[in-house]
Amino acid sequence: MTSPKQEIPVLVMEGISKSFPGVQALKNVRFDLRAGEVHALLGENGAGKSTLIKILCGAYRKDSGHIRLEGRDLDVNNPADARRYGIGTIHQELMLVPDLSVAENIFLGREPVRARGRIDWKAMHQEARRVLEELCVSIDSYQPVRTLSVAQKQLVEIAKALSQNLRVLVMDEPTSALTEQETAHLMDRIMLLKKKGIGILYISHRLEEIMSVADRATILRDGEYIGTLEKGEISSNRIIEMMVGRQDVYHRWSGQRKIGEPVLEVQHLTTPIVKDVSFTLHKGEILGIAGLMGSGRTETVRAVFGIDPRLSGRIVLQGREISVKHPQKAISAGMGFAPEDRKDQALFLGMSVRTNVNIARLFLNRWGLRRLTEERQVAQSYIQSLDIRTPHLEQETLFLSGGNQQKVVIARWLSTNPQVLILDEPTRGIDVSAKGEIHELMAQLAAKGMAILIVSSELPELLTVCDRILVMREGQVAGTLMACSTTQAEIIAYATGQLTGGGAGETRD
Amino acid sequence: MRQGTSSVRTGGPNQSWYAAILQKYSIWVVLMLLVLGMGLLSDVFLTWGNIFNVLRQASIIGIVAVGMTFVIIGGGFDLSVGAVLAFSAIMSIQMQPVTPGRTALAVLLPLLVGVTTGTVNGFLVGFLRVNPFITTLGTQFVALGITLLYTNGQHVWVWNPDPVYAAIGGGFLGPVPIPVLIFAGVAALGHLVLSYTNFGQYLMATGANEGAAVLSGIRTLWIKVASFIIVGTTAALGGVVLGSRVKNLDPTAGIGYEFEIITAVVLGGTSLSGGRGSVLNTVAGVLILTLIANAMTLLNISHHYQLVIRGLILVGSVALDASSRRRTA
């Protein structure tokens with residue numbers, strides 16, 4: 001595996017820094033890649049992985065640092081530059097045109113042409129077939145991409161990358177939507193790419209996959225470079241330790257909260273993605289939902305809140321079954337929901353902090369007119385109690401930092417005084433101190449009797465704030481664990497299917 | 001109560017609350033400059049007679065522009081207003097409002113037509129999710145076709161209308177023409193609804209981010225339907241005023257109205273992408289547009305040049321809207 005040729009890095013990234021308003025996403029990060037190796041890039045959500053690869057493939061511009069390819073300094077300003085230098089990317093969301101054929105997709109923008117600009121269809125399909133054969137893939141080059149499975153589409157992306165004389169291939173969570181068998185198939189293709197001397201930057205949350213495929217692994221945490229493990233050193237314990245690091249940020253919840261009677265009972269909830277999910281949330285309890293991407297965590301809470309339609313199942317709030325056909329029903333029954341993508345799904349970016357806080361519960365006088373004084377008072381009180389940093393009430397939320405935006409969304413729901421608050425990835429992409437503040441806030445709310453349901457990809461976060469953790473896998477509940485007695489390793493084991501069945505937490509019901 | 005300039009810790013523009021207000025209503029500054037400029041250029045311009053004349057010219061377009069502001073803020077669009085306006089005007093005249101009873105019919109029936117077409121447009125756009133441009137392009141032709149069928153393609157007129165009916169478009173209250181009062185009333189009501197009711201706020205939210213609006217418990221589909229009903233009603237009201245004013249109308253008279261109405265709304269700063277806009281600024285947009293037309297007439301600029309200039313104003317204000325959106329995106 002370790003021929004001397006592999007030791008010379010093809011790609012070197014050094015001293016890379018990048019900041020966004022309110023967040024330093026990368027601080028002096030380095031990463032190198034040798035020819036023919038798979039180098040895994042690991043870190044929790046928000047650690048800076050995607051920022052780093054976006055800089056590499058030209059989607060973002062770095063604030064400082066160098067990128068060298070085969071000793072040459074690169075200036076990657078846009079995705080076209082990156083492609084010209086032989087840096088290809090397979091994004092998590094595939095970038096194919098569904099109505100074009102496989103061959104047209106492979107050669108999109110680089111079609112072989114004959115005289116007078118006519119496309120040489122024959123050459124295009126021939127070349128496409130050659131690349132597909134090289135990958136040992138049997139897909140018809142004339143087939144429209146729309147008709148392919150996700151795994152097949154991914155292979156088309158790889159064929160596309162392979163056809164353009166690649167030196168470096170970035171794969172961002174390539175297996176997140178694949179079955180086990182498809183994953184194994186993909187791993188074989190990755191070996192083929194390695195043999196061709198292509199360096200692969202590999203991002204995945206599945207640790208066992210990393211252990212089988214990666215030659216080296218670099219770990220980022222909070223935008224900083226933590227270390228690089230060589231093949232022999234890679235173990236899931238070591239990786240988790242480096243990813244989690246600084247235990248001091250997360251004060252593990254040790255005290256006992258007073259947990260009361262059941263508030264929300266979800267019974268046999270089934271949607272096209274979620275299968276027969278049941279759980280109970282109690283007064284004053286914080287229940288976490290863990291699981292890999294695509295395990296149905298978000299879909300579960302969306303169905304509970306009435307955003308996604310249910311196929312079957314009951315939702316019982318305080319002993320009464322409620323019909324949640326529209327979020328409005330869920331809200332009037334006493335629920336609040338802060339979705340995972342706050343900019344896209346929660347905020348009205350062009351509108352003021354005041355309006356964003358008040359939109360779910362406008363104060364009206366008896367003529368049906370808004371009471372603006374009340375709106376200001378409510379917004380002002382949350383600005384103070386949640387320490388929302390904004391120059392004034394009328395500031396557009398567009399200009400707030402991620403943490404402050406999230407607080408605005410939480411304030412919106414607090415103002416409706418809900419019995420159940422659902423938070424989907426409440427601290428994604430916000431800085432460490434704001435994260436701590438939001439955790440603190442959740443603990444305070446629970447102490448006052450609010451029932452909180454939190455979905456998070458960050459296991460330390462769940463272990464910090466939750467009383468119990470529901471682990472989901474492939475749309476089902478894989479296990480329910482007590483946060484005080486479980487470990488990250490145990491959660492991951494349930495999430496990846498190494499452990500199944502019950503778990504300690506069910507005993508509470 | 002309001003914080004003017006507290007310590008600024010976010011990355012945004014650090015302008016004060018007052019500067020933001022000034023920026024929000026900058027179109028009124030443009031209007032005032034235009035009025036002053038015209039006053040200097042022409043002796044007749046700043047006479048009461050001409051001012052009320054301009055306002056009366058503005059009133060029909062203005063009434064409908066208020067409704068159009070609602071639809072565009074909600075993320076919709078309505079091309080059918082011109083045709084609905086003409087149909088209402090024709091229907092109003094065809095009711096032969098020579099007695100008080102017939103006058104009531106001549107007002108109420110067209111309004112009913114406006115509500116109906118608005119409801120149809122709203123359901124097509126809101127519930128069936130048909131593109132609003134195409135939907136209302138279609139209903140525009142349906143309305144025009146029905147108008148032509150209804151009139152057999154002939155002129156319609158009314159002799160000796162009831163004085164109440166005649167007053168709607170042609171009367172005065174003191175020195176102020178009645179259509180101007182109707183426009184002012186519609187604008188005041190529109191501003192109140194948009195800025196001070198929960199419906200107005202829900203409409204803004206729906207246009208700004210429909211997904212987030214749904215998650216905030218807003219029934220966005222109904223909000224959209226309501227916005228189309230509002231514009232349909234204002235188009236019909238504009239039609240009644242027009243019918244009463246001219247009393248003699250060609251069935252194709254409504255063609256082109258939608259163009260001026262939409263220009264006025266966009267000029268007033270309402271964003272074509274929805275979520276942003278103000279009735280007061282639409283009023284300024286309507287006045288500016290009418291003033292420019294009035295000025296061009298006073299300065300003897302031919303109708304053909306006027307069309308070119310109006311087109312340029314529309315394109316220019318859309319470009320301005322798009323570039324300001326790019327800056328904040």
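Numbered from 1 within each chain, the chains take letters A, B, ... in sequence-line order. Just so we're clear, the structure is a prediction, and the values are computed from it rather than from any experiment.
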**Report entry** Residue Arg302(A) versus chain B: region with a heavy atom under 4.5 Å
**Finding:** neither
Report task. Give, as side chain, backbone, both or neither, the part of Asp344(A) having an atom under 4.5 angstrom from any heavy atom of chain B. Result -> backbone
Report summary line: When the 4.5 angstrom heavy-atom criterion is applied to Trp367(A) and chain B, the contacting part is neither
Query raised in the report: Heavy-atom distance under 4.5 Å to chain B: side chain of Ile359(A), backbone, both or neither?
Result: both
Query raised in the report: Closest approach of Leu215(B) and Pro339(A), non-hydrogen atoms and distance?
Result: CD1-CG, 3.5 Å
Requested in this report: Decide if atom CH2 of Trp28(B) counts as having more than 12 heavy atoms of other residues, nucleotides or ligands within a radius under 6.0 Å.
Outcome: yes
**Report entry** Considering all heavy atoms, the nearest Leu362(A)-Gln201(B) contact
**Finding:** CD1-CB, 3.8 Å
Report task. Rounded to the nearest 0.5 Å, what's the gap from CZ on Arg370(A) to OG1 on Thr197(B)? Could you check? Result -> 8.0 Å
Requested in this report: Return yes when atom NZ of Lys27(A) has more than 12 non-hydrogen atoms of other residues, nucleotides or ligands closer than 6.0 Å, and no otherwise.
Outcome: yes
Query - For chain A, the option from Ala212(B), Ala213(B), Gly275(B), Gly200(B) that forms the most heavy-atom pairs under 4.5 Å - result: Ala212(B)
Query raised in the report: In Å, rounded to the nearest 0.5 Å, how long is the span from NE2 of His326(A) to CG of Leu221(B)?
Result: 7.0 Å
Query raised in the report: Would you find more than 12 non-hydrogen atoms of other residues, nucleotides or ligands less than 6.0 Å from Leu173(B) atom CG?
Result: no
Query raised in the report: Do you know the tightest heavy-atom contact between Ala208(B) and Phe348(A)?
Result: CB-CD2, 4.0 Å
Query raised in the report: Quick one: does Arg276(B)'s side chain get under 4.5 Å of Met351(A)'s, heavy atoms only?
Result: no
**Report entry** Spacing of Ser216(B) atom OG and Trp413(A) atom CH2 [to the nearest 0.5 Å]
**Finding:** 5.0 Å
Query raised in the report: Going by residue number, which parts of residues 116-133 of chain B are within reach of chain A, meaning a heavy-atom gap below 4.5 Å?
Result: none
Report summary line: Correct closest heavy-atom pair for Leu372(A) and Tyr196(B) would be CD1-CE2, 3.5 Å
Query raised in the report: Which bit of Phe363(A) comes within less than 4.5 Å of chain B, counting heavy atoms only: side chain, backbone, both or neither?
Result: neither
**Report entry** Atom of Lys343(A), atom of Asn209(B) and distance for their closest heavy-atom approach
**Finding:** O-ND2, 3.7 Å
**Report entry** Residue Leu349(A) versus chain B: region with a heavy atom under 4.5 Å
**Finding:** neither
Report summary line: So, the part of Leu364(A) with a heavy atom under 4.5 Å from chain B: the answer is side chain
